[in-house]
Amino acid sequence: MAMKPILEIRDLEHVYMKNTPLEHRALSNVNMTINKGECIAIIGHTGSGKSTLIQHFNGLMTPQKGTVIVDGEDVLNSKIDIKALRRKVGLVFQNPESQLFERLIGDDIAYGPLKMGLPIKEVRDRVEWAMEMVGLPFDEMKDRPTYALSGGQKRKVALAGVLALQPEILVLDEPTAGLDPRSKIELLDRIKKLNRKENITIIFISHNLEEVTYMADRLYVMANGTNIIDGTPSEIFSNKNILKENNIGTPETVEILYLLQDAGFSIDSRQYEVDGVANQISSILQYFQEVRANGISV
Amino acid sequence: MASQFELTRNITIGQYIPTGSIIHKLDACFKLLSFTIMLIAIAICGTYFGNIVILAFSIALFMLSRIPIRYGLSGIKPAIPFVVILAILQLLFYGSVASGGTVLVKSGFILITTDSLRLVVVSAMRFVEIILISSVLTLSTSTTELTHGMERLLKPLKYIKFPVHEFSLIITIAIRFVPTFAMEMEKLMKAQASRGAEFGTGQWWRIVKRTKDMFPLIIPLFNSAMERAEDLILAMEARCYTPGEVRSNYKRYHIKVTDIMVLLFSILFSILILFYPFPY
Amino acid sequence: MEKGLTIRRIVVAGVLSAIAILLGVTRLGYIPVPTPAGNATIMHVPAIIGGIMEGPIVGLIIGLIFGASSFLEATVPLFKDPLVAILPRLFIGVVAFFIYFGLKRFNEYVAIGVAGFIGSLTNTVLVLFMAVVRGYMAPKVAIGVAITNGIPEAIVSIIVTLAIVASWKKIGVSVKQKSKISGKF
């Protein structure tokens with residue numbers, strides 16, 4: 001299957017406060033190719049340039065050097081419709097709940113579509129769809145005031161506000177930061193569903209490797225403003241050397257597998273997801289039980 | 001284009017240039033007091049000669065502080081067009097108000113008198129003087145020193161029940177939060193732009209609409225300020241902060257001879273420029 | 001009402017002053033509306049809000065800090081004069097408080113709105129008055145500016161003050177409790 005790249009980044013560079021004593025190189029030589037319908041994770045330490053990078057995706061920042069091509073169109077093209085670009089690439093910032101400003105939930109989500117000048121019927125349909133996607137019952141919640149919501153629900157409202165623009169690419173900066181475990185899982189599942197059911201390309205920044213293994217088709221690792229390695233989670237997490245060389249943390253499940261390996265058990269490091277690890281552990285336990293039942297001392 | 005959202009770099013508040021000059025070493029309390037006295041004198045002084053003296057003095061002060069002069073000029077340069085326009089307007093239309101002195105030009109409604117001319121020249125000079133002197137103060141004193149200095153300066157007001165410590169705490173909080181809010185604002189502008197916001201477009205006569213266009217920025221900004229305020233209140237209460245209590249300071253200040261001299265000098269200087277009978 | 005500076009008042013005065021400074025040093029404090037100046041400023045609104053929310057002392061202090069910052073940041077001669085930049089600003093929040101306090105028992109919204117309006121006019125009128133006194137402006141020009149700039153600015157101030165105070169006090173702004181997208185289409 002020939003996949004069509006929806007986002008291409010070539011040799012991107014960005015320097016903050018150029019030509020001043022405070023000059024700081026945030027990005028250099030970044031290259032990425034993201035295909036339609038993929039779910040991509042970007043990981044890397046604080047200050048590795050992730051947040052600067054994603055702001056290039058929807059034209060909030062323009063490339064100082066290099067190119068960013070969204071759906072076949074160069075963002076540096078002077079004829080590009082910047083508003084259309086921002087609708088195509090929905091960007092959700094960290095802690096987006098702080099950007100709510102309307103008093104009622106429905107109004108806040110409708111802000112983007114209303115700004116587009118869509119007919120009210122269409123706005124309503126989009127809001128209904130977006131609320132359904134994030135798990136907020138439309139009829140019940142649309143007329144409620146935003147300030148009475150919990151943090152997790154506010155974040156859903158903010159996410160719905162971006163979804164109402166019906167983006168083709170959804171970019172999220174640490175979508176689950178600061179949420180309780182249950183809301184985290186719920187939000188991740190909602191995002192996954194957007195990817196699988198609605199075929200929206202997802203790009204998300206995360207510090208949580210469990211989250212990455214759970215969600216991503218592919219991941220990019222960033223360090224010092226450049227992408228140092230990319231691949232599927234299994235390619236990266238099953239290779240001890242890559243993890244070590246690039247100073248990437250290890251997901252807990254992978255760590256357990258390696259501990260078992262060090263203790264002399266044979267394991268399959270490609271089966272690193274929670275289920276796979278659980279199966280491997282239980283088969284080891286089963287082996288012990290059999291050994292004990294046969295009365296042989298270990 | 002790329003910089004339309006970058007606010008933080010425009011904020012020069014609390015800019016401090018350490019050069020270790022004699023002016024940097026002065027006690028902030030005395031510096032502030034001397035500055036205030038001279039500021040009042042400059043604001044009142046209306047003679048040509050007096051202002052020439054002050055201008056020369058403020059340039060000397062700048063050189064004494066060893067701060068590159070471009071920092072002072074950077075405050076003046078963008079203002080030049082305003083100064084020129086204001087000067088012309090004052091010159092053309094102010095004759096009827098400041099009608100004292102002799103008439104220099106009278107043609108139609110244009111009336112220029114010696115008094116109105118003096119007003120124009122003096123206010124332009126005054127502007128440059130104040131820019132120079134206040135930049136010396138702010139560039140040679142860190143904000144911490146400045147707030148401490150002010151707190152000590154206002155201390156005598158405690159006897160008339162003025163909450164000196166609380167007042168300087170408010171200033172400290174304000175200065176502390178400006179960069180935080182600037183970053184917050186930058187993020188908000190980007191987030192709302194990502195949702196299709198436009199700021200300040202639409203028909204220009206619709207005041208209400210234009211104001212409401214700013215709501216996506218202003219309301220979250222104030223809300224987040226309030227949230228931060230609540231957090232800070234809680235933190236201060238948890239540490240048993242009690243307004244109005246006597247508190248100690250980890251830094252001790254000793255009055256030096258130079259500090260007293262500077263103060264005396266500024267008083268004498270102010271008296272001189274205000275009361276010396278300059279011929280013009 | 002409690003007297004003096006409580007922790008709450010200290011902190012609220014601090015953060016609102018920070019906003020006033022921020023609005024002054026960036027272009028954010030300016031709303032582009034039809035005035036001779038080309039825009040209305042909302043930099044004085046934090047002082048009004050402080051006065052309404054926490055009383056006259058807080059209003060006065062925010063006004064003072066706002067004035068001092070506009071004095072230090074000024075690039076025009078008019079505001080490089082402390083008597084124009086600082087002195088008039090002391091009254092913004094104080095006036096707003098007394099208007100709000102006096103009208104509150106009739107209607108909360110009206111009280112907030114009128115406080116925003118008069119608070120803003122206090123700023124315009126006193127600054128222009130000082131500008132005339134100090135010789136930066138002819139009286140006729142000042143009156144012209146007061147009308148063409150002061151009125152739109154005061155209207156902007158009503159809208160912003162109402163929206164923010166209502167949001168802080170968590171009271172509904174309007175009778176409309178349905179969102180724009182409610183109803184049948």
Side-chain angles (χ1 to χ4, degrees), chain A residues 14-18 20 22 51-52 54-64 75-76 78 82-103 107-118 146-147 158 160-165 167 170-171 173, chain B residues 1-12 14-18 68 70-71 74 177 179-203 209-231:
Chain A
H14 187 85
V15 182
Y16 280 109
M17 320 214 33
K18 214 170 185 168
T20 72
L22 294 168
S51 298
T52 309
I54 62 168
Q55 289 177 29
H56 284 85
F57 294 173
N58 75 342
L60 284 176
M61 290 177 139
T62 44
Q64 289 175 345
V75 296
L76 274 182
S78 56
I82 194 85
K83 281 202 255 165
L85 174 68
R86 287 186 187 151
R87 289 198 291 269
K88 190 177 275 180
V89 184
L91 185 54
V92 183
F93 277 81
Q94 242 177 71
N95 304 324
E97 54 276 13
S98 67
Q99 76 197 37
L100 304 183
F101 72 97
E102 289 275 13
R103 221 170 48 79
D107 285 348
D108 205 277
I109 300 172
Y111 175 72
L114 284 174
K115 276 271 155 195
M116 288 168 68
L118 295 173
T146 45
Y147 60 74
V162 174
L163 279 179
L165 299 166
L170 185 64
V171 185
D173 193 350
Chain B
M1 166 73 219
S3 63
Q4 64 167 319
F5 299 111
E6 286 175 25
L7 302 173
T8 25
R9 74 168 61 174
N10 297 330
I11 294 169
T12 51
Q15 201 179 22
Y16 170 59
I17 296 163
R70 66 190 159 91
Y71 284 95
S74 71
F177 274 107
T180 313
F181 289 157
M183 277 163 72
E184 190 112 0
M185 199 67 178
E186 204 175 305
K187 191 189 131 189
L188 275 170
M189 288 173 83
K190 287 177 172 175
Q192 306 295 20
S194 299
R195 292 169 75 188
E198 285 169 294
F199 307 113
T201 53
Q203 294 126 317
K209 185 184 172 296
R210 282 233 159 168
T211 309
K212 284 191 169 169
D213 275 351
M214 295 295 281
F215 274 12
L217 296 181
I218 299 171
I219 291 182
L221 178 69
F222 275 92
N223 281 342
S224 100
M226 202 56 205
E227 266 168 41
R228 280 170 201 279
E230 295 293 350
D231 288 349

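Numbers restart at 1 for each chain; the letters A, B, ... are given by sequence-line order, proteins then strands.
The candidate with the highest count of non-hydrogen atom pairs below 4.5 Å against chain B, out of A/K83, A/Q99, A/E102, is A/Q99.
The backbone N or O of B/G196 sits nowhere less than 3.5 Å from a side-chain atom of A/R86 that would complete a donor-acceptor pair.
Proximity to chain B (any heavy atom under 4.5 Å) is restricted, for A/L165, to the side chain, taken from C-beta onward. Proximity to chain B is absent for every atom of A/D173, based on heavy atoms less than 4.5 angstrom apart. A/Q64 does not touch chain B: none of its heavy atoms, backbone or side chain, sits under 4.5 Å away.
The shortest heavy-atom contact between A/L60 and A/F93 is CD1-CZ, 3.7 Å.
Expressed to the nearest 0.5 Å, how far NZ of B/K190 lies from CD of A/Q55 amounts to 3.5 Å.
A donor and an acceptor atom, one from each side chain of A/D108 and A/T146, are nowhere located under 3.5 Å apart.
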